[in-house]
Number of protein chains: 2
Amino acid sequence: MNRLVDMQDALSQATTLEEFQTFVENLRDVYDLEHLVYHSVNSTGGQYAALTYKPDWVERYIEQDYARIDPVVQGCYRQFQPIEWKTLDWSAKASRAFLGEAGEAGLGNQGFSVPIRGPSGQFALVSVNHKCNDEMWASFTSERAADLLLISHYLNEKALQIEGNPHRGPTRSLSPREKDTLTLLATGANRANIAETLKISESTLRVYIESARFKLGAANTTHAVAMALTHGLIVV
Amino acid sequence: MNRLVDMQDALSQATTLEEFQTFVENLRDVYDLEHLVYHSVNSTGGQYAALTYKPDWVERYIEQDYARIDPVVQGCYRQFQPIEWKTLDWSAKASRAFLGEAGEAGLGNQGFSVPIRGPSGQFALVSVNHKCNDEMWASFTSERAADLLLISHYLNEKALQIEGNPHRGPTRSLSPREKDTLTLLATGANRANIAETLKISESTLRVYIESARFKLGAANTTHAVAMALTHGLIVV
DNA sequence: CGACCCCTCGCTATTTTGGGGGAGGGTTAA
DNA sequence: TTAACCCTCCCCCAAAATAGCGAGGGGTCG
């Protein structure tokens with residue numbers, strides 16, 4: 001059984017936000033989760049979410065502007081890697097109060113979130129929530145985290161597509177070779193190494209670096225890599 | 001016989017890195033592997049490994065900084081799922097030379113690696129190595145890969161837990177000046193600009209860049225900035 | 001007190017990048 | 001059929017970053 005491939009299949013069918021919501025709900029069931037949340041914020045502050053929380057909890061969350069104190073949200077804005085809820089700082093008084101309310105609202109005790117950065121400063125958060133003990137959770141994450149990580153990125157791509165993100169003005173997308181190049185640069189390789197890795201000449205490589213710099217409007221290679229990372233154009 | 005449960009039991013006993021190393025060696029024997037490697041890199045570039053390779057191969061690997069050309073390492077950094085060594089790209093000249101040396105050092109021809117991403121940018125790699133033909137390897141993986149996958153994650157959790165003890169000393173974080181420097185580098189400024197901005201000499205600035213690079217275990221400035229970003233040490 | 005880190009600054013090579021040209025052949029969509 | 005990319009490769013030369021050394025003063029902690 002390859003859940004992941006099925007999911008990608010099913011996701012490619014979705015063309016409306018309603019179908020996207022349904023897909024999120026199915027995904028929760030298939031992966032046997034307590035809850036699943038997709039939450040996107042674009043560069044203009046516009047938000048969209050598809051989630052499986054109880055409506056009254058969502059309402060209260062929005063009404064109280066809990067995003068301000070939610071350690072998950074706060075933690076993920078500064079993180080580029082998936083983050084375990086357990087490792088977050090829950091010590092603040094507000095955090096504990098929030099935690100209590102969340103528990104009452106049916107949230108499980110275990111969870112992790114995947115921060116996703118899309119083009120033009122778009123930011124999305126995919127959160128997975130479960131109710132079990134630490135051992136079961138460890139086994140769960142080891143089995144399914146990889147899938148869910150990939151799916152998170154598919155989710156975001158799909159959501160952006162459905163929302164019909166308008167044509168990129170200033171930021172043209174990077175070509176595959178440009179992405180390769182920036183990705184390898186982000187790992188610390190120099191031009192000679194990368195050229196060898198990609199099996200192309202260093203001359204060619206320079207063209208990619210320069211065109212990527214140009215497209216991103218970056219002052220130098222370091223800048224280009226930093227921009228590509230913060231805009232989610234590459235993943236390290 | 002439930003090897004997996006036994007292993008978990010034995011692992012829960014380990015409280016020191018020595019015991020962890022012994023456990024890794026036992027694990028190799030119990031699962032009848034040629035070699036087993038646990039290798040962890042934390043967010044500040046601190047590394048720890050427990051493995052069964054011959055010491056002189058380990059020494060040579062470190063000395064030659066083979067991690068830079070090792071297709072297993074390079075492949076896994078970009079992978080979220082367990083990866084078969086066979087499917088990696090071994091075509092580069094350096095890769096083949098590396099493969100030859102590895103063979104001489106007693107490594108088997110078959111292997112797979114499990115990339116594991118932990119909190120705060122921690123990254124670990126569990127590699128399983130075996131010497132046999134393709135058929136036997138296929139039967140081996142189908143039988144034991146699931147167990148080894150789980151165990152890999154237990155290994156990582158255990159290693160993190162053990163390292164968490166004040167045994168290994170505190171993880172050095174970036175100094176304020178180092179953060180300033182990396183943050184400005186991430187915006188595309190060059191050393192002259194940054195020195196001016198921070199109102200210090202370029203000489204001083206260089207010390208920050210170099211110490212940051214050193215702390216992060218980064219190969220160059222671009223790498224250091226990319227690491228600082230992905231680990232949430234700086235925000236742009 | 002010593003050890004260790006932080007901040008500050010300097011020197012001389014050497015290596016790596018960057019700027020600005022050029023070229024040819026491929027695909028894709030207006 | 002153009003135009004607009006994309007991939008590939010080459011040249012020369014200047015600018016920037018890095019390696020490998022050095023130095024001193026300040027703070028903290030055991």
Side-chain angles (χ1 to χ4, degrees), chain A residues 119 167-228 233-234, chain B residues 44-46 63-65 68 89 91-92 166-228 233-234:
Chain A
H167 268 287
R168 316 210 191 316
T171 54
R172 276 182 303 164
S173 66
L174 297 173
S175 80
R177 280 311 212 190
E178 286 157 359
K179 280 186 208 170
D180 290 347
T181 302
L182 291 184
T183 304
L184 287 167
L185 282 169
T187 69
N190 61 21
R191 300 199 302 206
N193 297 148
I194 299 174
E196 199 183 353
T197 304
L198 297 180
K199 293 195 280 291
I200 54 175
S201 80
E202 201 176 317
S203 309
T204 305
L205 185 72
R206 284 186 49 187
V207 177
Y208 300 148
I209 301 177
E210 284 178 25
S211 60
R213 260 209 323 266
F214 178 75
K215 282 183 181 173
L216 295 168
N220 51 39
T221 301
T222 301
H223 193 193
V225 169
M227 291 178 84
L233 301 175
I234 61 172
Chain B
T44 54
E63 187 194 295
Q64 296 289 316
D65 200 12
R68 291 208 186 291
D89 177 17
S91 59
H167 253 52
R168 307 239 331 146
T171 49
R172 290 196 300 166
S173 57
L174 295 174
S175 77
R177 280 311 213 188
E178 287 158 357
K179 280 186 209 170
D180 291 347
T181 303
L182 291 185
T183 303
L184 287 167
L185 281 169
T187 68
N190 62 20
R191 301 200 304 204
N193 296 352
I194 300 174
E196 199 183 353
T197 304
L198 297 180
K199 294 201 235 347
I200 55 176
S201 80
E202 203 177 315
S203 306
T204 304
L205 183 71
R206 285 184 42 190
V207 178
Y208 300 148
I209 300 177
E210 284 179 25
S211 59
R213 261 209 322 264
F214 178 75
K215 282 184 183 174
L216 294 169
N220 51 41
T221 302
T222 301
H223 193 193
V225 170
M227 291 178 84
L233 301 174
I234 62 172

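Just so we're on the same page: letters track the sequence lines, and every chain starts at 1. Here the structure is a predicted model, which means the values were calculated and not measured.
A:I194 places its CD1 atom 14 Å from the P atom of D:dT8, with the value rounded to the nearest Å. Distance NZ (A:K199) to C1' (D:dC9): 17 Å, rounded to an integer number of Å. The distance from atom CZ of B:R177 to atom C1' of C:dC7 is 8 Å, rounded to the nearest whole Å. In this entry the distance linking CZ of B:F214 with P of C:dC6 reads 11 Å, nearest Å. B:L198 has its CG atom 8 Å from the P atom of C:dT8, to the nearest Å. Protein atom NZ of B:K179 is 16 Å distant from nucleotide atom C1' of C:dC7, rounded to whole Å. Rounded to whole Å, atom P of C:dG10 lies 12 Å from atom CG of B:L205.
At D:dC9, none of the side-chain N or O atoms of A:S203 fall inside 4.0 Å of OP1 or OP2 (strictly under the cut-off). An OP1 or OP2 oxygen of D:dC6 is reached within less than 4.0 angstrom by a side-chain nitrogen or oxygen of A:K215. Between C:dC5 and B:S175, no contact under 4.0 Å exists linking OP1 or OP2 to a side-chain N or O.
Considering all non-hydrogen atoms of both residues, A:G188 and B:N220 come closest at O-ND2, 2.8 Å. Considering every non-hydrogen atom in both A:L216 and A:L182, the closest pair reads CD1-CD1, 3.9 Å. B:S201 approaches B:A195 most closely through the heavy-atom pair C-CB, 4.0 Å.
For A:T221, the side-chain hydrogen bond (donor to acceptor under 3.5 Å, both in side chains) test picks out no residue, with sequence neighbours left out. Applying the salt bridge (Lys or Arg N to Asp or Glu O under 4.0 Å) rule to B:E196 yields no partners; only residues at least two apart in sequence or on another chain are considered. Legend: residues meeting side-chain hydrogen bond (donor to acceptor under 3.5 Å, both in side chains) with B:S203, ordered by chain and number and at least two apart, are absent.
Note on B:T204: a base of the nucleic acid sits closer than 4.0 angstrom, heavy atoms only.
You'll find the side chain of B:L198 reaches within 4.5 Å of the side chain of B:T181, heavy atoms only.
Applying the salt bridge (Lys or Arg N to Asp or Glu O under 4.0 Å) test to residues at least two apart or on different chains, the pairs with a partner in residues 183-192 of chain A are A:R191-A:E202.
In this structure, the separation between CG on B:N190 and CG on B:L205 is 9.5 Å, given to the nearest 0.5 Å.
Rotation axes derived from the C1' atoms of the five outermost pairs at either end of the helix from C:dC1-D:dG30 to C:dA30-D:dT1 lie 60° apart, to the nearest 10°.
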What are the atom names and distances for every N/O pair under 3.5 Å that joins the protein to nucleotides 17-26 of chain D?
from	atom 1	to	atom 2	distance (Å)
D:dA17	OP1	B:R191	N	3.4
D:dT18	OP1	B:T221	N	3.2
D:dT18	OP1	B:T221	OG1	2.5
D:dT18	OP2	B:T221	OG1	2.8
D:dA19	OP2	B:R213	NH2	2.3
D:dA19	N7	B:R206	NH2	3.1
D:dA19	N6	B:R206	NH1	3.2
D:dA19	N6	B:R206	NH2	2.8
D:dG20	O6	B:R206	NH2	3.0

